[in-house]
Each structure stands twice: as structure tokens, then as C-alpha cells.
Amino acid sequence: MTLVMGVLNVTPDSFSDGGKWFDHDAAIARGLEMVAQGADVVDVGGESTRPGAGPVSEAEERRRILPAVAALAPAVRVSVDTRKASVAEAAIEAGATLINDVSSTLWPVAARARVGWIAMHMLGEPRTMQDAPHYDDVVTEVCDFLAERVRAAEAGGVEEIWVDPGIGFGKTMNHNLQLLHHLDRLVALGRPVLVATSRKAFIGRLAAGPGEPPAPIEERLAGSLATAVWAVAHGAATVRVHDVAETVQAVRLMTLDPETAAA
Ligand code: HH2
């Protein structure tokens, strides 16, 4: 079964939807709307990781996310998108059962709390990661990194481990496309693969003509859906998206079983 993870950014500055759900009531309403639209997981984050983003204090990150985590956890599986152990712990206390960890360091928290953990690949850190990222072989390096993280977390007692190539995290357009085209290599690690292309810059650049500026966020839905469908067709277990209703429709259609689907 393919899962759709809906993004809930409780931030003033996310690249994709900054400020829209910053108010607690708006965040909770958006989370419930995504549940009604068919989201299997809601990923609550309080710190933007867009290229160039600055850090947020632990107290501020907790203040941003905890009301939404607590309100949504009875209705849906909640993951917490954080790089901070104390924030992950507080979110778990409030009902989150999955740590979405772009730093790939928080498995000890997952082990202690007996929750799931998502290991994502990132080259460097958000402030500088898009300054000329270089790999000799991006697919092999990302796979090796994630395989090592899986081994560490498994040895540390984490039972549920997902892996994510980290589209856009220290990657050029070519790196992103190579990772998408060789998703089978990540799937071969034997763990559920999460892919998050939704609204990202490479889609904006691909959508623009030569010499034109990248297409704005509101014009990236088609590319977001195309890459989500591509990822599912090539073995992704979960896609992390902003446009939940549209993605649920696309993913449901492509995963229909012709034997059992209604006539
Ligand atoms: N991308 C973003 C944030 N969290 N988590 C995982 N596992 N994989 C990703 O590729 C990923 C992620 C960036 O997207 P968004 O949350 O929309 O933006 P921002 O970081 O600016 O809040």
C-alpha cells in the first residue's frame, strides 16, 4: 500500500507555503483538512529547511508545533519534522509516532521512545547545502549513507526505519533526477522509501523555458504529481506532499487493482 504524507509547515518562512499555517488554529484546521482529503500521515514541522534558512530555538519550535501535534494525533498518524532531540521528544509526548529527521541523527530518540524513524540524506546543512554540491556518484553515495544509518539505528534498537534520498538537500537538478531515476537502488535497501519532491525548486526550473526564471510555487502542481507518480511506480512506499487531495487521487488511480476495482 502506498501512503501519502501531508506536509504541515507551522512556520513563517517555508519555501512552499510559509506563513499560511503559522497560526495554531489554522494549522490544526489544515491538518484535519488533509486527513479528510486522505492523508495517511501528517508531517508537522516548525523549522524551515529551505536553502539558506536560519535556525529556530528549541522553545520556539515546540511552541509552534505541539498544539497541532496534540490536536491531530487522535485523528491520524503524526510525524514530527525536526532536527532537535528535545523537540522530537516533546512531540512524541504529545502523540507523534514517527520522527522525520532530515539530520539523520535522532535514531536514539526513536529507539528510547519506540517510535518510527525516517533517515534522510543531506549534504552539509540547510544554510549552505545548495552552494555547488558535488558527488562522484550521487546514487551510490546516498545509498551508502542511508545503508550505514539503517545499520546504526537497527543496532540501536529502532524497529521501524524509513529511508529518504533528500531531494533538493545539497543536490543539483541533475542529482535529483539521477536519484529519481535510480530509485530501485534505494528500494533495494529493504526499507520503506519516502520521496519528497513536492513543489521543489528543480520542478520550477524544469517547468520554465530556457533562460526564464523558475515557475512560481502555484505552477508546480503538475510536476509535483508527475514526480510523485514516478516515485510510486518505482517503488516508493510514501510520498510527502503539500497537495494532498490531488496526490491521493493520482496515487489511488495508479495503484488500483483491475481485478477488484469497481466496474
Ligand atoms: N523536504 C522538506 C522538509 N522536510 N523531510 C523529508 N523526509 N524529506 C524531504 O525531502 C523534506 C523533508 C522541505 O520541504 P517543505 O517542508 O515544504 O519546506 P520547508 O523546509 O521550507 O519548510
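These figures come from a predicted structure and were not determined experimentally. Ligands are counted one by one from 1 in listed order, and the atoms in each one are counted from 1 as well.
- Between Ser16 and ligand 1, an N or O atom pair is found at a separation short of 3.5 Å.
- Among Arg240, His242, Arg199, the residue whose heavy atom sits closest to atom 2 (C) of ligand 1 is Arg240.
- Of the protein's heavy atoms, Asp81 OD2, 2.9 Å lies nearest to atom 4 (N) of ligand 1.
- The minimum heavy-atom distance linking Pro165 with Lys171 is given by the pair O-NZ, 2.9 Å.
- Residue-ligand proximity: Thr11 is placed with every non-hydrogen atom at 4.0 Å or more from ligand 1.
- In the vicinity of Leu194, heavy-atom distances shorter than 4.0 Å reach the ligand 1 atoms 7 (N).
- Going from atom CG of Leu180 over to atom CG of Leu186 covers 10.0 Å, rounded to the nearest 0.5 Å.
- Of all protein heavy atoms, the one closest to atom 22 (O) of ligand 1 is Ser14 OG, 2.5 Å.
- Under 4.0 angstrom from ligand 1, the non-hydrogen atoms of Val102 all belong to its side chain.
- In terms of protein heavy-atom proximity, atom 21 (O) of ligand 1 is nearest to Ser48 OG, 2.7 Å.
- A donor atom on one side chain and an acceptor atom on the other are not found under 3.5 Å apart for Arg199 and Ser224.
- Close contacts of ligand 1 with Ala196, meaning ligand atoms under 4.0 Å from a residue heavy atom, involve 8 (N), 9 (C), 10 (O).
- Note: the hydrophobic cluster containing Val7 does not contain Phe22 (ILVMFWY, side chain heavy atoms under 4.5 Å, direct or indirect links).
- The one candidate from Ile99, Leu98, Leu8 that meets the side chain to side chain contact (heavy atoms under 4.5 Å, CB included) condition with Ser79 is Leu98.
- Environment of CD in Glu148: crowded, with over 12 heavy atoms of neighbouring residues, nucleotides or ligands closer than 6.0 Å.
- By the side-chain contact (heavy atoms from CB on, under 4.5 Å) test, Arg185 is found to be paired with Val139, Thr140, Cys143, His182, residues two or more places apart in sequence or in another chain being considered.
- Of the listed residues (Val80, Thr11, Val56), just one forms a side chain to side chain contact (heavy atoms under 4.5 Å, CB included) with Glu61, and that residue is Val56.
- Neither the backbone nor the side chain of Asp43 comes within 4.0 Å of ligand 1, counting heavy atoms alone.
- With a 4.0 Å cut-off on non-hydrogen atoms, Met120 touches ligand 1 through its side chain and not its backbone.
- In this structure Glu60 satisfies the salt bridge (charged side-chain N to carboxylate O under 4.0 Å, His left out) test together with Arg63, Arg64, sequence neighbours excluded.
- The protein heavy-atom contact nearest to atom 11 (C) of ligand 1 is Phe169 CE1, 3.5 Å.
- At least one heavy atom of Lys200 sits under 4.0 Å from some atom of ligand 1.
- Contact annotation for Asp164 and ligand 1: only side-chain heavy atoms (C-beta onward) come within less than 4.0 Å of the ligand.
- Taking the six-membered ring where the residue is Trp, His181 and Trp230 present tilted rings, their angle falling between 30° and 60°.
- Protein heavy atom nearest atom 5 (N) of ligand 1, with residue, atom name and distance: Asn100 ND2, 3.1 Å.
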